**Student:** 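I have a structure here, written as structure tokens, and I will follow up with some questions on it.
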Amino acid sequence: MTNTPSDLKYAASHEWLSADGTVGITDFAQEQLGDVVYVELPEVGRVIEAGETIAVVESVKTASDIYAPASGTVVAVNEDLRGTPELVNSAPYEGGWLFKLDVTGEGDLMDAGAYTSANN
């Protein structure tokens, strides 16, 4: 059973977005990937559109593109992931966040109930 916090919004491509613009991948996604060994983060200041490829997460199984769940400007990245990418596995909603956006428009996002239903 994966953890899906009710205070976040979710993209069908398994990214989550918090009210303050923090973005990460879901517990479901990190379980599917397996052990994360590298995270390619976006540049601060990059302007993106919802649905655009913005980062890459590599695991022992595969590499997976990460899509922006919202439009906006990247205002911070999680520098801790450069030395400890496994935080994506151990704390996907806390220390394993990927980047923060100054959100200008949300993509097509789901609440926790809809995301859970779509992935069971």
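The first residue in the sequence is number 1, and the count goes up from there. Please read these numbers as outputs of a predicted model, since none were measured by experiment.
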**Student:** Looking just at side-chain N and O atoms, do Glu86 and Thr84 make a donor-acceptor pair shorter than 3.5 Å?
**Tutor:** no
**Student:** Locate the shortest heavy-atom distance separating Ala63 from Glu58; write the atom from each residue and the value.
**Tutor:** CB-CG, 3.7 Å
**Student:** If you count every heavy atom of other residues, nucleotides or ligands that lies below 6.0 Å from Glu52 atom CD, does the total exceed 12?
**Tutor:** yes
**Student:** Check the pair Phe99 / Ile54 against side-chain contact (heavy atoms from CB on, under 4.5 Å), numbers first and verdict last.
**Tutor:** CA-CA 10 Å; Phe99 56 90; Ile54 188 165; 3.6 Å; yes
**Student:** Are Val44 and Leu101 connected in the hydrophobic side-chain network, where two residues link if heavy atoms are under 4.5 Å apart?
**Tutor:** yes
**Student:** Passes side-chain contact (heavy atoms from CB on, under 4.5 Å), Tyr10 versus Thr4? Steps please.
**Tutor:** CA-CA 9 Å; Tyr10 300 88; Thr4 310; 3.5 Å; yes
**Student:** Residues two or more places apart in sequence or in another chain: which of them pass ring pair (Phe, Tyr, Trp, His ring centres under 6.0 Å) with Phe28?
**Tutor:** His14
**Student:** I'd like to know if Lys9 pairs up with Glu15 as an ion pair, taking the criterion as any Lys NZ or Arg NE/NH1/NH2 lying under 4.0 Å from an Asp or Glu carboxylate oxygen.
**Tutor:** no
**Student:** Counting heavy atoms not belonging to Asp108, are there more than 12 under 6.0 Å from its CG?
**Tutor:** no
**Student:** Locate the shortest heavy-atom distance separating Pro42 from Ala55; write the atom from each residue and the value.
**Tutor:** CD-CB, 4.2 Å
**Student:** Working to the nearest 0.5 Å, report the span between CG of Asp27 and CD of Gln32.
**Tutor:** 10.5 Å
**Student:** Between Val56 and Val74, is there shared hydrophobic-cluster membership here, with clusters defined by ILVMFWY side-chain heavy atoms closer than 4.5 Å?
**Tutor:** no
**Student:** Quick check for you: to the nearest 0.5 Å, what is the distance between Ser18 atom OG and Lys100 atom NZ?
**Tutor:** 7.5 Å
**Student:** Output yes when a side-chain donor or acceptor of Asn78 lies under 3.5 Å from a complementary backbone atom of Gly95, and no otherwise.
**Tutor:** yes
**Student:** For the residue pair Tyr115 / Thr26, report whether a side-chain donor-acceptor contact shorter than 3.5 Å exists.
**Tutor:** yes
**Student:** I'd like to know if the side chain of Asp102 and the backbone of Gly72 have a donor-acceptor N/O pair within less than 3.5 Å.
**Tutor:** no
**Student:** Would the distance check show the side chain of Glu94 and the main-chain N or O of Ala91 forming a donor-acceptor pair, the cut-off being under 3.5 Å?
**Tutor:** no
**Student:** Would you call Arg46 and Glu43 a salt bridge, using N to O less than 4.0 angstrom?
**Tutor:** no
**Student:** Would you say Met110 ends up clustered with Leu8 if hydrophobic residues are merged whenever their side chains have heavy atoms under 4.5 Å apart, either directly or through other cluster members?
**Tutor:** yes
**Student:** Decide side-chain contact (heavy atoms from CB on, under 4.5 Å) for Val47 and Thr104; before the verdict, give the C-alpha distance in whole Å, the side-chain angles of both, and the deciding distance to 0.1 Å.
**Tutor:** CA-CA 10 Å; Val47 178; Thr104 57; over 6 Å; no
**Student:** What residue among Thr62, Val88, Val60 forms side chain to side chain contact (heavy atoms under 4.5 Å, CB included) with Leu33?
**Tutor:** Thr62
**Student:** Is a side-chain N or O of Asn89 found less than 3.5 angstrom from the main chain of Glu31, in a donor-acceptor match?
**Tutor:** no
**Student:** Return the minimal non-hydrogen interatomic distance between Pro85 and Val39, and the atom names on each side.
**Tutor:** CB-CG2, 4.1 Å
**Student:** Tell me whether Leu87 shares a hydrophobic cluster with Val77, the cluster being built from Ile, Leu, Val, Met, Phe, Trp, Tyr side chains joined at under 4.5 Å.
**Tutor:** yes
**Student:** Following the transitive rule for hydrophobic clusters with a side-chain heavy-atom cut-off under 4.5 Å over Ile, Leu, Val, Met, Phe, Trp and Tyr, establish whether Val37 and Leu41 coincide in one cluster.
**Tutor:** no
**Student:** Measure the CG-OG1 distance between Asn3 and Thr116 for me, rounded to the nearest 0.5 Å.
**Tutor:** 9.0 Å
**Student:** How far does CG of Leu98 sit from CG of Leu81, to the nearest 0.5 angstrom?
**Tutor:** 6.0 Å
**Student:** Enter the distance from Ile66:CD1 to Thr53:OG1 here, rounded to the nearest 0.5 Å.
**Tutor:** 9.5 Å
**Student:** Nearest 0.5 angstrom please: Thr73 OG1 to Ile48 CD1, how far?
**Tutor:** 8.5 Å
**Student:** Sequence neighbours left out, what pairs pass ring pair (Phe, Tyr, Trp, His ring centres under 6.0 Å) with at least one residue falling in residues 42-96?
**Tutor:** Trp16-Tyr93
